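Remarks on the structure that follows.
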Amino acid sequence: MSPLPRLAVLASGRGSNLQCLQDAITAGQLDAQIVGVFSDKPAAAALEKVAPAQRWACSPRDYADREAFDSALADAVAASQPDWIICAGYMRILGAGFVQRFSGRLVNIHPSLLPLHKGLHTHARAIEAGDAEHGASVHFVVPELDAGAVIAQARVPVLDGDSAEVLAKRVLAVEHPLLLASVQLLVAGRLAERDGMVHYDGQSVFSPLRLDSAGTLRR
Ligand code: GRF
């Protein structure tokens with residue numbers, strides 16, 4: 001029996017995406033183990049979802065600069081010996097040093113249909129832009145913010161009268177199955193990042209996989 005793939009999760013807030021992965025593991029839908037939760041917010045609720053020995057959280061304010069914080073974070077993540085590092089509601093920009101150290105094994109879920117709306121406040125920006133659709137993207141992380149190869153996306157309609165909060169809830173509801181389906185492929189060894197492209201079952205994919213209504217990713 002080969003050891004279960006090891007997932008390190010970076011989170012800054014409530015950790016609903018982390019919870020979704022944990023629930024899937026418990027239900028036998030994800031053959032992996034969460035080996036640590038790492039945060040830039042010592043009070044993050046996400047940290048409560050694992051045992052104290054699996055938590056690492058420090059405030060960047062306690063470090064001389066971004067590099068020093070990122071280096072301490074990277075050392076803590078590396079010590080958990082992860083196969084994959086999942087940014088799930090992690091709200092701090094990861095410096096190039098961190099990204100390069102885990103290149104190819106580092107993914108993020110972002111609440112927009114990348115390359116649209118990189119960065120923050122994506123739901124309000126989608127409404128302001130008059131987008132008919134919005135959604136979420138799981139992508140490999142590169143030094144440039146939210147610019148890595150997109151693995152998979154889930155789409156939701158933007159409805160008349162939507163507030164950013166209402167739209168955010170609709171997007172979050174598809175983030176969970178999107179992240180789960182993406183991580184299932186990652187831990188099964190079916191996804192890789194090569195030359196800035198997503199490889200799925202050994203073939204380059206030129207557009208993100210799409211989450212269908214049954215929670216399955218399709219080309
Ligand atoms: C989610 O919308 C995620 O896409 C974004 O942070 C939000 C909170 O995620 N990065 P979670 O509930 O903490 O997993």
Side-chain angles (χ1 to χ4, degrees), residues 7-26 29-30 32 34-50 54-57 60 73 77 82 84-94 98-99 102 106-127 131 133-142 144-158 162-184 186 208-211 215 217:
L7 307 180
V9 177
L10 274 59
S12 301
R14 78 200 139 190
S16 73
N17 279 285
L18 165 63
Q19 186 65 56
C20 167
L21 297 179
Q22 291 178 307
D23 292 347
I25 289 170
T26 303
Q29 293 164 346
L30 177 60
I34 307 285
V35 293
V37 176
F38 303 81
S39 186
D40 58 324
K41 302 275 185 208
L47 294 162
E48 304 295 316
K49 296 180 183 293
V50 291
Q54 292 182 306
R55 299 172 195 164
W56 183 94
L73 172 65
V77 169
W84 299 98
I85 299 98
I86 316 288
C87 298
Y90 186 68
M91 303 308 280
R92 228 177 116 75
I93 293 175
L94 290 165
F98 184 99
V99 173
F102 299 107
L106 183 56
V107 299
N108 178 47
I109 183 159
H110 176 78
S112 84
L113 295 175
L114 292 171
L116 289 175
H117 310 312
K118 296 175 182 177
L120 298 173
H121 313 302
T122 66
H123 312 300
R125 288 162 56 199
I127 292 168
D131 296 348
E133 282 191 317
H134 189 39
S137 303
V138 174
H139 64 97
F140 284 107
V141 176
V142 295
E144 185 189 342
L145 180 65
D146 297 331
V150 180
I151 295 167
Q153 291 184 323
R155 293 170 176 269
V156 298
V158 179
D162 268 350
S163 65
E165 293 69 29
V166 165
L167 183 54
K169 279 200 178 65
R170 192 175 306 132
V171 170
L172 193 64
V174 298
E175 284 186 39
H176 297 157
L178 178 69
L179 183 63
L180 173 56
S182 302
V183 173
Q184 285 169 333
L186 285 171
L209 301 174
R210 288 175 300 105
L211 187 74
L217 290 178

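Model, not experiment: these values are computed from the prediction. Counting starts at 1 for both ligands and their atoms, in listed order. The basis for the numbers below is simple: all heavy atoms, side chains too, and nothing from hydrogens, waters or symmetry mates. We number each residue from 1, following the sequence as shown.
For atom 4 (O) of ligand 1, the closest non-hydrogen atom on the protein side is Glu175 OE1, 2.7 Å.
Atom CG in Leu179 sits 5.0 Å away from atom CG in Asn17 (nearest 0.5 Å).
For atom 7 (C) of ligand 1, the nearest non-hydrogen atom from the set Gln19, His176, Arg14 belongs to Arg14.
Each of the following atoms of ligand 1 lies closer than 4.0 Å to a heavy atom of Gly89: 5 (C), 6 (O), 9 (O), 10 (N). Which parts of ligand 1 touch Ile109 is read off a 4.0 Å heavy-atom cut-off, strictly below it: atoms 4 (O), 10 (N). Per-residue contacts place Ser16 under 4.0 angstrom from the following atoms of ligand 1 (heavy atoms of the residue considered): 11 (P), 12 (O), 13 (O), 14 (O).
Checked by atom type and distance alone, the side chain of His176 never pairs as donor or acceptor with a backbone atom of Gln19 at under 3.5 Å. Looking only at distances, no side-chain donor or acceptor of Gln153 sits under 3.5 Å from a matching main-chain atom of Gly135.
Annotation: Gly15 places an N or O atom under 3.5 Å from an N or O atom of ligand 1; distance criterion only. Taking only nitrogen or oxygen atoms, main chain and side chain alike, Tyr90 does not reach within less than 3.5 Å of ligand 1.
The closest approach between any non-hydrogen atom of Ala11 and ligand 1 is not below 4.0 Å.
Taking the side chain as every heavy atom from C-beta outward, Leu114 and His139 approach each other to under 4.5 Å. Contact annotation: the side chain of Leu73 approaches that of Tyr90 to within less than 4.5 Å [non-hydrogen atoms, C-beta and beyond].
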Pair Lys41, Met91 - check side-chain contact (heavy atoms from CB on, under 4.5 Å), show working. CA-CA 10 Å; Lys41 302 275 185 208; Met91 303 308 280; over 6 Å; no
